[in-house]
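Quick caveat, the model's predicted, so the values are computed rather than measured. Residue numbers begin at 1 in each chain, while the letters A, B, ... track the order of the sequences.
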Number of protein chains: 2
Amino acid sequence: MELRRLRYFVAVAEARSVGKAAERLRMAQPPLSVQIRKLEAEIGAPLFRRGTRGMDLTAAGQALLVRAGEALALAADGVEAARAVAAGRRGRISVGYMFVLANAMLPRLIPELRRSIPGVDLEFAELSASTREARLLDRSVTVALCMPAIHHPEIQVARIGAQPFMLAMPIRSPLARLGAVPMAKLQGRPLIALPPPEQDPASSAVAALLRRHQVVMPVASRVETVHSAMSLVLAGEGLAIVPACAQLGAPRGIVFRALRDATDSIDIAVCWRRDTHSPLIRTFLKCAERVVARL
Amino acid sequence: MELRRLRYFVAVAEARSVGKAAERLRMAQPPLSVQIRKLEAEIGAPLFRRGTRGMDLTAAGQALLVRAGEALALAADGVEAARAVAAGRRGRISVGYMFVLANAMLPRLIPELRRSIPGVDLEFAELSASTREARLLDRSVTVALCMPAIHHPEIQVARIGAQPFMLAMPIRSPLARLGAVPMAKLQGRPLIALPPPEQDPASSAVAALLRRHQVVMPVASRVETVHSAMSLVLAGEGLAIVPACAQLGAPRGIVFRALRDATDSIDIAVCWRRDTHSPLIRTFLKCAERVVARL
DNA sequence: CATTGGCATACCGAAAACGTATGGGTTGAC
DNA sequence: GTCAACCCATACGTTTTCGGTATGCCAATG
C-alpha cells in the first residue's frame, strides 16, 4: 500500500466523483481512475459504487476511509515532527550540571530556556564530574554545565564565563575580619578539599593556585560536593577554596572572602558531543551565556 | 511522503544498518541507501548519524520513527478492515422489521446472527410498512424483514416462509368454542382492520381472502399495528384476521383460531437493495431462514 | 435521436526505483 | 604499516510505475 493511493482514494471519496477529485488534485481524470481501480484490485474488493452521477463509497470503502485519513495525518505529522526537532522547535534537551552551579544558574536558566524553546522538554540531572563525561559520551545527557570544562576529543567545549576562587570560612574565624585574605595567611591552615584532580579537575586548579603561591594547606577532609564542604567549614574543620558562585545557597554562618593577589579563576563551560548537531545546543548556549553574564 | 520510504526508514532504523535492512527487505543495498537519502532530503534534515559501524537515529529520526510506525500500522489496518468488511467478517447490518414478526423472530434471530457474524454490529429498527421501503432505498437500513414482501424494481426479495391467517377474538367470544372457524361465520361481524392496502399490503391479502369467500365484515376500526388491534379485540370492538405468528406476545384474554377452508397465507420475506452486494445479506438470509423454519 | 456528463481503456512519454559495478573511509589483523 | 574486511555512497543502465492525451462506452436528458 502506498500513501499516494490513499490520498487519491480520500480525495475521490470526499468529492464523490473521479473528475472533481482529479481537478482538486490538479491531475487528469483517467490516471486517477486507474489508480482507484488499482487500489480496489489491491484490496480485493470494490470500494465505490459507480453510479451515473458519480461514485459512492461501499461499506468496505467507508471502513478504509477512516483509517486512510488517520494514516495520512500521521505520516504528515511525522514529517512535521522530524522537521520541528531538526529545527529545534521541539524535542528534548537533557542538561547535566554540577551542584555548585545549581543555585547560581538554574533559577535563571530554566525560565530563560522555557522562554527561548517553549516546545522543548527539559530535563536536569545533577551529576558529579566523572559521570558528566560518561553521560555526555553515551548521549544520556545532551549538554553539561561544567566548571571547569571537560577535555575529551569527542567533546566540544564553549567557555561561557569564569568564577574567581574565594575562601569560605566560619563567620567567627579571625580571617573573616579581613576584607580580602592574603594568600600567605593560608599557610598551614587545614583545607576541606574536593575529590582529587583525576576525579574532579576543580581540585587541580586549587592545587595549582596554592603551589604557585608556595602555600601548603594540609587536607583536613575530602568531600564529594561543595555542599558537604560548607558543612565541614561550618563545623570548624577547616577552610575551603571554592568558586565565588558557591556563595549562593551557602548556609548561614559561613562567610566568603576574596583571595588578595590571587587572580586565578575557574572556567564555566558548556560541553556537548561533537557529533550532536542539534540547534538546541546553540540556543542553550546563548541562554547560559546570558545567565552567566548576569552573575 | 510515500509509505515505501517510511517502510525503508523503519527497517533501517531497526536494523541500525543499511546493509542488514536491505537483506531483510530482500533488495540490494545501494537503492536502499539512495531512498534513505531521498527521505532525508524530503524532510530537510539528517535522520541518521553515519558511523563506521552502521547507522544511528538522530533526534529527528526518533521523532519520525514513532509516527512512521503508527502510520504504517494504520494503513495496513485500513486495508485489512476493508477486506474484512467486504468479506463479511466485520461491518454493520441494520435490520428493519415489522412489529408482528418481532416476538416470533427476534428472540431467536438475534442470537443466531451473533453466532454467525460475531464481528458485525447489529442494529434493529421497528418500521412500518411504508417507511421500510424508504429506509431500504436510502440505505439507512440494510435489510428488511417483511410480511408480505416489498415490490420495487430496486429491491430484491427472498421469500423465507409463510404464515396462515388466523382469527383473533376475545376468549369469551362464542366463536372461541369452535376448533376452527368456518369463513361463513364471519359474515357481518365487525373487523379490526390494519391500514388500507396502499399503506400496508397485508390488508389487501385479508381483503382478498374475504372477497374470495364472499364474506363482508364491516370495519369497526383501523389501527396502525397488530398490537393495537389486539387491544381493540380484547375490548370487544371486533375480530382481527392476522398472521399466525401474532399469537406470540398477544395479551391474555385473546384466543386464536384457524379459519376452516381458508388456505390463504402471507409470505415472510427478506428484502434488500439490489445494488447492496454485502455477503452479510446472504448470511442474514440463512439465519432468518433457519429461524422461520422452526416457527 | 442527439447531446451531455461521467467513468473506463489504450497508448505513449516521463519519472522513479532497482540492480550491478565501483569508489572511499574506517577498523582490525598479521 | 600494509592489507583485508566491512559498510555506506555514487554512477549508470534497465525496468517498472505513473501521468497525460485521445477515445470509447453507458446512462440520463431534452
Discussion item. Under 4.0 Å, heavy atoms only, any strand: does Gly54(B) hit a base, just the sugar-phosphate, or nothing?
Written reply: sugar-phosphate
Among [options], which nucleotide sits nearest the side chain of [X]?
{"X": "Tyr8(A)", "options": "dT10(D), dC7(C), dG19(D)", "answer": "dG19(D)"}
{"X": "Gln35(B)", "options": "dA17(C), dA28(D), dC7(C)", "answer": "dA17(C)"}
{"X": "Ala28(A)", "options": "dT21(D), dC8(D), dC18(D)", "answer": "dT21(D)"}
{"X": "Pro31(A)", "options": "dT21(D), dA28(D), dC8(D)", "answer": "dT21(D)"}
{"X": "Val34(A)", "options": "dG19(D), dT9(C), dA17(C)", "answer": "dT9(C)"}
{"X": "Thr52(A)", "options": "dT10(D), dA8(C), dA27(D)", "answer": "dA27(D)"}
{"X": "Arg53(B)", "options": "dA8(C), dT27(C), dC8(D)", "answer": "dT27(C)"}

OP1 or OP2 of [N] under 4.0 Å from side-chain N/O of [X]:
{"X": "Ser17(B)", "N": "dC8(D)", "answer": "yes"}
{"X": "Arg4(A)", "N": "dG19(D)", "answer": "yes"}
{"X": "Arg5(B)", "N": "dA16(C)", "answer": "no"}
{"X": "Arg37(A)", "N": "dA8(C)", "answer": "yes"}

Between [atom2] of [N] and [atom1] of [X], the distance in whole Å:
{"X": "Leu6(B)", "N": "dA17(C)", "atom1": "CG", "atom2": "P", "value": "13 Å"}
{"X": "Gln29(A)", "N": "dG20(D)", "atom1": "CD", "atom2": "P", "value": "11 Å"}
{"X": "Arg50(A)", "N": "dA8(C)", "atom1": "CZ", "atom2": "P", "value": "4 Å"}
{"X": "Leu47(A)", "N": "dA8(C)", "atom1": "CG", "atom2": "P", "value": "12 Å"}
{"X": "Glu42(A)", "N": "dT17(D)", "atom1": "CD", "atom2": "P", "value": "11 Å"}
{"X": "Glu23(A)", "N": "dG19(D)", "atom1": "CD", "atom2": "P", "value": "17 Å"}
{"X": "Glu2(A)", "N": "dG19(D)", "atom1": "CD", "atom2": "P", "value": "12 Å"}
{"X": "Met55(A)", "N": "dG5(C)", "atom1": "CE", "atom2": "P", "value": "19 Å"}

Fill in: Comparing Pro30(B) and Lys20(B) on DNA chain D - which has the more 5′ nearest nucleotide
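Result of the comparison: Lys20(B).
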Practice prompt. Mind checking salt bridge (charged side-chain N to carboxylate O under 4.0 Å, His left out) for Arg273(A) and listing every partner two or more places apart, or none if nothing turns up?
Written response: Glu154(A), Asp275(A)
Worksheet item: Starting at the 5' end of DNA chain C and moving along, which residue's nearest nucleotide shows up first, Ile36(A) or Met27(B)?
Response: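 On the 5' side of the pair lies Ile36(A).
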Discussion item. Could you tell me if the side chain of Thr142(A) sits less than 4.5 Å from the side chain of Leu280(A), heavy atoms only?
Written reply: no
Worksheet item: So do the side chains of Phe284(B) and Leu109(B) get within less than 4.5 Å of each other, counting heavy atoms only?
Response: yes
Discussion item. Under a 3.5 Å cutoff, is there a donor and acceptor pairing between the side chains of Thr58(A) and Arg49(A)?
Written reply: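 No.
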Fill in: Cationic N near anionic O, under 4.0 Å, Arg24(A) to Glu14(A)
yes
Item to complete: Salt-bridge test for Glu289(A) and Arg159(A): reply yes if a basic N is under 4.0 Å from a carboxylate O, no otherwise.
Response: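 No, no charged N to carboxylate O under 4.0 Å.
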